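Here's the structure we're looking at; comments come further down.
Computed from a prediction, not measured in an experiment: that's the story for all the values here.
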Amino acid sequence: MKKFYITTPIYYVNAEPHIGSAYTTIMADIIARYKRMMGHDVFFLTGTDEHGLKILQSARRKGKDVKEFCDELALKFEKLWEDLKITNDYFVRTTNPEHEQTVNFFVRKMMENGDIYKGKYSGWYCVHCESYYDEDEVEEIDGKKVCPVCKREVKWVEEENYFFRLSRYNEALKKQFKENPDFVEPEFRRNEMLKILEKGLKDISITRTTFKWGIPFPGDEEHVIYVWVDALINYVSALGYGRESDDRMRKYWPADVHLIGKEINRFHSLIWPAMLMSVGLDLPKRVFAHGWLTVNGRKISKSLGNAVDPREFVRKYGNDVVRYYLVRDIVFGKDGDFSEEKLVRRLNADLANDYGNLVHRTLAMVKKHFDSHVPKPSKSGGMDEKLLEKTKKTVNSYINLMDSLRLTDAMEAVWGYVAFLNTYFDRERPWVLAKRGEKERLATVLYNTLEGILKVAMMTMPVMPDTSREVFKRLGFPEEVKPGHLEFWGSLKSGVHAIHGKPLFRKIEMEKFEKIAEVKEVEEKGENIITTDEFAKVDLRVAKILSARRIEGSEKLIEMEIDVGELGKRTLVGGLAKYYTPEELVGKLVIIVANLKPRKLFGVESQGMLLAAKKGSELKLLTVEGEIAPGARIS
RNA sequence: GGCGGCGUAGCUCAGUGGCAAGAGCGGGUGAUUCAUAAUCACCGUGUCGUGGGUUCGAGUCCCACCGCCGCCA
């Protein structure tokens, strides 16, 4: 059995997991599930990175013991992966004694090979980014030196450090890149790394003395190992490298794929391979750097309030739907945007209409005309040959695309096949065959469609495991997918019980849909200054609420009739039901944005927006101090 | 600042120098009724960012410019 070792980055535990970390892990999970389905012996690793100054500070800020703080967050990550049904085989933590043991062994080995020396480091340090900068790299704002990345103040540090002779591996790395064109993917990421190699690598400092939250440097306890060096070693410490029980190491190393985000490419494509060369281990076969996710077009960040919990989406739409959306809508490797509208569109069009309805309409006929038993096919005719051809082609390209990690394209190919199955069904018109009493042909057409559906369920198994299992159950296909199943036509047994069941996916009506979180339209610090002109564009008015009532079917929305004086009467919809009763609202003088583009909510057009102050679970409407005529302008 | 990438239909994007530039989504028309108002068929003259150039021929190569992004400084 061929082995397959895939890793995600280990996540830094100074903040709670968000959709970005979930994205990486879900993609890795899809690949892992696919490889298992194709008969590989898979080891899928994820975990947490728990050392470093930043974590120490986060813990202190919360008044917690560092280790306890790490334990809590690591648990949150583990819990999240459990909730998202991630099939990782192990969860590594850099505070595990076993990990420390491996790091110790690893670093000692680097020393033995003469790759570590003591030197002096001086430069600017950004605590937030855990990065060091040279004099010419830092920027100056208001006379203060700031980090070129995050613009926070940097501090001057001078340290005696141990250094890794990274420069020694410059040529070897170049060779590695030249001889292995798919060592780093996508290609443009590879080129970026190559360029760094052309310029030449400098040795890097790999220890710190200013704080203690890390793994002690072997032989010099004054130093702790730099968090990045410590972290990278997780990929082999999880396998038992340098410890007594290292059979996993022997079995699974080298990694087949290190799946990472683009921001940590240098560490994985240059530093980590050099470290491996230093200790004499094989290099990973492939480093795949995916892009970043924005949420509704904005960078994910806590301060923006759009660091959405993936679980909310899973709760609302289902795990499979979220996974399908992520893999289908965001081209794997590129940056992409996560938006709830787009998710709903995919759910409605691809899943409910194309796939779900195909399953539903086919099984409905099986139930009606074959008493819920998989029919027995006879001689082929009509489009049957074409269907077989299309199946073969689709399965082939699916396998090729999945193997080369083009996950998005693979799903696109599968949906081309779903469309073909719908066309096949329409052209063969089984409902007409039924009326004419052509039972043999009817049986063949339905069998073929079911077999096609089975193929779809197999190919989508890595992405939508629960849905696929449900489809297997309905088709009376008892087994898990095994190698060879995908390529073989005729896996379904005639005569077995088939279940019609409820539609696989429920559609969401676009007009009647409430988003989980309205993203705050706030820019990051420093970028949120607007001009007077821009502010003047916003027409703020006093309005009187004439009547109010709850909108049926919505938990939050209240529809109001308001009087805006010279602008007349308007309808307004606001998410107030959790804070005010309709009765409380009537008669209130409120502040509205009068020139906002109207928006339809639950079929009601809202012509403006109410202003309110919100903190946590509290919300208070803005009003005026004393009486003033409705329609009054606010400036 | 250096290097690189991108800018193609309302949206998201494909497009080895060569037939009259494509797909999906959305929209429109028709068909159909097995099905979750679903599916199927048909419907796109878009300055291919701008301006030059090379070529028999350029979205596709070259140069300049504009805009966005990435990596390194």
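Rounded to an integer number of Å, the gap from NZ of A:K262 to C1' of B:rC72 is 15 Å. Between A:F188 atom CZ and B:rC3 atom C1' there is a gap of 15 Å when expressed in whole angstrom units. In this entry the distance linking CE of A:M193 with C1' of B:rC3 reads 13 Å, nearest Å. One can place CD of A:E187 at 11 Å from P of B:rC6, the figure rounded to the nearest angstrom. In this structure, CD of A:E263 is placed 12 Å from P of B:rG70, rounded to the nearest angstrom. Atoms NZ (A:K195) and P (B:rC3) sit 10 Å apart, rounded to a whole Å. Distance CZ (A:F425) to C1' (B:rA41): 17 Å, rounded to an integer number of Å. Look at CD on A:E198: it is 19 Å from P on B:rC71, rounded to the nearest Å.
Comparing the C1' positions of B:rA58 and B:rA73 gives a spacing of 36 Å, expressed to the nearest Å. Spacing between B:rG4 and B:rG46 at atom P, rounded to whole Å, works out to 35 Å. The C1' atoms of B:rU60 and B:rG18 are separated by 11 Å, rounded to the nearest whole Å. Taking atom P on both nucleotides, B:rG5 is separated from B:rC65 by 16 Å, rounded to a whole Å. Straight-line distance between the C1' atoms of B:rU50 and B:rU36: roughly 49 Å, to the nearest whole Å. Nucleotides B:rC25 and B:rC3 are separated by 37 Å at their C1' atoms, to the nearest Å. Comparing B:rC19 with B:rC48, their P atoms are spaced 16 Å from each other, to the whole Å. Straight-line distance between the C1' atoms of B:rG26 and B:rC13: roughly 14 Å, to the nearest whole Å.
Between A:W228 and A:F267, the angle of the ring planes stays under 30°, which puts this pair in the parallel group of the 30/60° scheme. In this pair, A:H258 and A:Y235 present their aromatic rings tilted. The plane angle is within the 30 to 60° band. Ring geometry for A:F425 against A:W431 counts as tilted: the plane angle lies between 30° and 60°, on a 0 to 90° scale.
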At a cut-off of 3.5 Å, list every protein nitrogen or oxygen paired with a nitrogen or oxygen from nucleotides 9-14 of chain B, distance to 0.1 Å.
residue, atom, partner, partner atom, Å
B:rA14, OP1, A:K334, NZ, 2.4

So which protein N/O to nucleotides 22-32 of chain B N/O distances come out below 3.5 Å?
none

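With A:Y324 as reference, A:W415 is the one residue of A:F313, A:W415, A:F505, A:Y355 to meet the ring-ring contact (aromatic ring centres under 6.0 Å, His included) rule.
Looking only at atom types and distance, the side chain of A:D403 has a donor-acceptor partner in the side chain of A:Y34 under 3.5 Å away.
For A:K439, the side-chain contact (heavy atoms from CB on, under 4.5 Å) partners two or more places apart in sequence, or in a different chain, are A:F370.
For A:K199, the listed nucleotide lying nearest its side chain is B:rC72; candidates were B:rU36, B:rC72, B:rU39. Listed nucleotides B:rU36, B:rG70, B:rC40 differ in distance to A:T423; the shortest reach to its side chain belongs to B:rC40.
Map A:H500 and A:R266 each onto its nearest nucleotide of RNA chain B; the residue landing nearer the 5' end is A:H500. Between A:R189 and A:K507, it is A:K507 whose nearest contact on RNA chain B lies nearer the 5' terminus.
With a cut-off of 3.5 Å on both Watson-Crick or G-U wobble distances, the partner of B:rU50 is given as B:rA64. When both pairing distances are held under 3.5 Å, B:rU33 makes no Watson-Crick or G-U pair with any nucleotide shown. Taking a pair to require two hydrogen-bonding distances under 3.5 Å in either a Watson-Crick or a G-U wobble arrangement, B:rG1 pairs with B:rC72. Both distances falling under 3.5 Å, in either a Watson-Crick or a G-U wobble arrangement, place B:rC42 opposite B:rG28. Nucleotide B:rC56 forms a Watson-Crick or G-U wobble pair with B:rG18, both donor-acceptor distances falling under 3.5 Å.
Taking every heavy atom of residues 364-401 of chain A and every atom of RNA chain B, pairs under 4.0 Å involve A:A364, A:M365, by number. Residues from residues 456-466 of chain A placing a heavy atom under 4.0 Å of any atom in RNA chain B do not occur.
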Counting only pairs under 3.5 Å, give me each side-chain donor-acceptor contact of residues 175-185 of chain A, with atom names and distances, residues two or more places apart or in other chains.
residue, atom, partner, partner atom, Å
A:Q176, OE1, A:N180, ND2, 3.1
A:N180, ND2, A:Q176, O, 2.9
A:E185, OE1, A:R286, NH1, 2.9

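Counting heavy atoms from C-beta outward, A:K202 and A:L166 have side chains that stay 4.5 Å or more apart. In this structure, A:H500 and A:H360 have side chains that are in contact, with non-hydrogen atoms separated by less than 4.5 Å.
Counting non-hydrogen atoms of other residues, nucleotides and ligands closer than 6.0 Å to CD of A:E263 gives a total above 12. Other residues, nucleotides and ligands place more than 12 heavy atoms under 6.0 Å from the CD atom of A:E470. Residue-environment remark: NZ (A:K285) exceeds the threshold of 12 foreign heavy atoms within 6.0 Å.
Within the nucleic acid shown, A:A419 comes within 4.0 Å of sugar-phosphate atoms alone, with no base atom in reach, counting heavy atoms only. A:L504 comes within 4.0 angstrom of a nucleotide base, judged by non-hydrogen atoms across all strands. Here A:N191 lies out of heavy-atom contact (under 4.0 Å) with every strand.
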Derivation and outcome, salt bridge (charged side-chain N to carboxylate O under 4.0 Å, His left out), residues A:R189 and A:E192 = CA-CA 5 Å; A:R189 297 284 167 216; A:E192 287 171 1; 3.1 Å; yes
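A pairwise comparison of heavy atoms in A:L347 and A:I508 identifies CD2-CG1, 3.7 Å as the closest pair. Scanning all heavy atoms of the two residues, the minimum distance from A:P186 to A:A289 falls at CD-O, 3.1 Å. Listed here is the closest heavy atom pair of A:P430 and A:L442: O-CD1, 3.4 Å.
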